[in-house]
Amino acid sequence: MNLETKKDRIEMFRDAAAFRTPKRIPMFANNSTWHLIDQGIDFNVAMHDWNVMYDSCCKYHEMYGFDCYKQPGGRNPVKIGEAMDASEYIITEDQVNALDRVQIADGEFDEYLADPKKYVWEKSLPAKSKLANTDKAWDAIRKAAIELMAFQEYTARMAKTMYDAYDLPMENRYPVNTRPGFNPVMNNLRGIKNVSIDLRRNYSKVKEASLMQEEGRFEVIENYCKDTSVNENAAFDFSSGMMAHSILNRKQFEDLMWSFYRKYFDLLEKYNKTTTLTVQAEMLRFADFFRDIPKGIIVMGHEMDDAYEIRKALPNICIMGGMSIAYLGQATPQECVDYAKKLIEDLGRDGGFVMSTTKILTYRNDCRRENQLAVNEFVRNYTLR
Amino acid sequence: MEEIKFTSYPEGYKKAAESLLFIPEEERESFLDAVVALVLNQ
């Protein structure tokens, strides 16, 4: 029986982030859909019934007992798009995959930049929704709005259960978008294929669209930063991501993404706040940009880079990860525990490390139940002070 | 009177927002923006 309280868990996350030795290493669940496979639940069922998803997330916590969960069950609200016959998900019994998204058609950057709301309503929505140009659109948009309300009710209910019933902190304290504008330009507006060409042919438009997404953002972030109340509900203050750098060269990264992060990290330093930074793909070729960020600001979730290489290149950054799915999915429980112990001793004894996985647990072979159970049992009982 | 087309802006957009009667009036447009964002980006 785990008798640790929310306050205990927050203290462990805060100690780890600040490079102070925590009582033990905190465990952060980086799971999307693997828990559904673990419980034998058809993805089509869980993604169309919030009660099923809610029960599965509760069971996941009751089995594994992580200290904090990233978006439990809430990553794929497919019914909102389906109400407009606009879903770009391919869902099978045990997989969900999203297609590349393109909202701005080739040659229409100027039209979008002139009036984004008009463009999205008149062009992007009809291009994706099969119902937008029919008389069913009015009813469909109302149904999509009702599905959004259902999703909001689910996330509120899930958060309340995690917070009150299970005594767990939320990941981040402040609900604000803290990602550079280039992130949605690549991931939502143009898609990875188109934006790769845009970077060479229409760079100024890419930059303009990116800055447009960031308008007013720092004012909102700074207002949250000014909150001086004691943190009693979250592991960290903000949550950010680095999801669009993999196709950029260093000069483009500096111009399109680092320009945002630099201001963001400066604000966090000024107000003594922390942020998670979930990094997709590799990032070490950009490591030198992050070298002068003081300890205690960034908690980095990594994917393709090795945790030991990150520690060597960036001793100022708290690492959230370390445990690779190659271990969790293929090794024995004892091999996983041995590796967990090595990670803690090498990377976490003086703080600066949160145990998590290097990829979001999504597919069947990402993890084995007996391995996750063994790792969590070990970490939970391996005290450092 | 000419019928408003759903995909016209701002006419269709405003009519769609007004149809969200279960949302407080002052929040309807921002809620519609959130719906559209999720339909397009979910």
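What you are looking at is a predicted structure, and each value in this text was computed from that prediction instead of being measured. Within every chain, numbering begins at 1; the chains are lettered A, B, ... in the order of the sequence lines, protein sequences first and strands thereafter.
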On a heavy-atom basis, the closest approach of A:K117 and B:Y13 is NZ-OH, 3.0 Å
Considering all heavy atoms, the nearest B:F22-A:M149 contact:
CD1-SD, 3.2 Å
Look at A:E82, A:E88, A:E147, A:E122 and state which one has the largest set of heavy-atom pairs under 4.5 Å with chain B.
A:E122
Measure the CG-CG distance between B:N41 and A:N187 for me, rounded to the nearest 0.5 Å.
9.5 Å
Okay, B:A34 and chain A: the region with an atom under 4.5 Å from a heavy atom over there is both
Please state whether the side chain, the backbone, both or neither of B:I23 comes within less than 4.5 Å of a heavy atom of chain A.
side chain
What do you reckon, is NZ of A:K207 surrounded by more than 12 foreign heavy atoms closer than 6.0 Å?
yes
Which bit of A:R142 comes within less than 4.5 Å of chain B, counting heavy atoms only: side chain, backbone, both or neither?
both
Once rounded to the nearest 0.5 Å, what's the spacing between atom CG of A:D115 and atom OH of B:Y9?
5.5 Å
Looking at A:W121 and B:V36, what are the two nearest heavy atoms and their distance?
CZ3-CG2, 3.7 Å
Nearest heavy-atom neighbours spanning B:V35 and A:I80
O-CG2, 4.2 Å
Side chains of A:N188 and B:L40, heavy atoms from C-beta outward: is any pair under 4.5 Å?
no
What's the shortest heavy-atom distance between A:M84 and B:V39, and which atoms?
CG-CG2, 3.9 Å
Using a 6.0 Å cut-off, check whether atom NZ of B:K15 has over 12 heavy atoms from anything other than its own residue.
yes
Shortest non-hydrogen contact between B:K5 and A:W138, atoms and distance:
C-CZ2, 4.0 Å
Go through the atoms of A:K128 and report whether side chain, backbone, both or neither lie under 4.5 Å from a heavy atom of chain B.
side chain
Tell me, do A:L125 and B:T7 make a side-chain contact under 4.5 Å, heavy atoms counted?
no
If we define contacts as heavy-atom pairs under 4.5 Å, which of A:A86, A:S87, A:A132 has the most with chain B?
A:A132
Inspect the surroundings of CD in B:E26 and state if more than 12 heavy atoms from other residues, nucleotides or ligands are less than 6.0 Å away.
yes
Pairwise side-chain contact, A:P77 with B:L38, heavy-atom cut-off 4.5 Å (strictly under):
yes
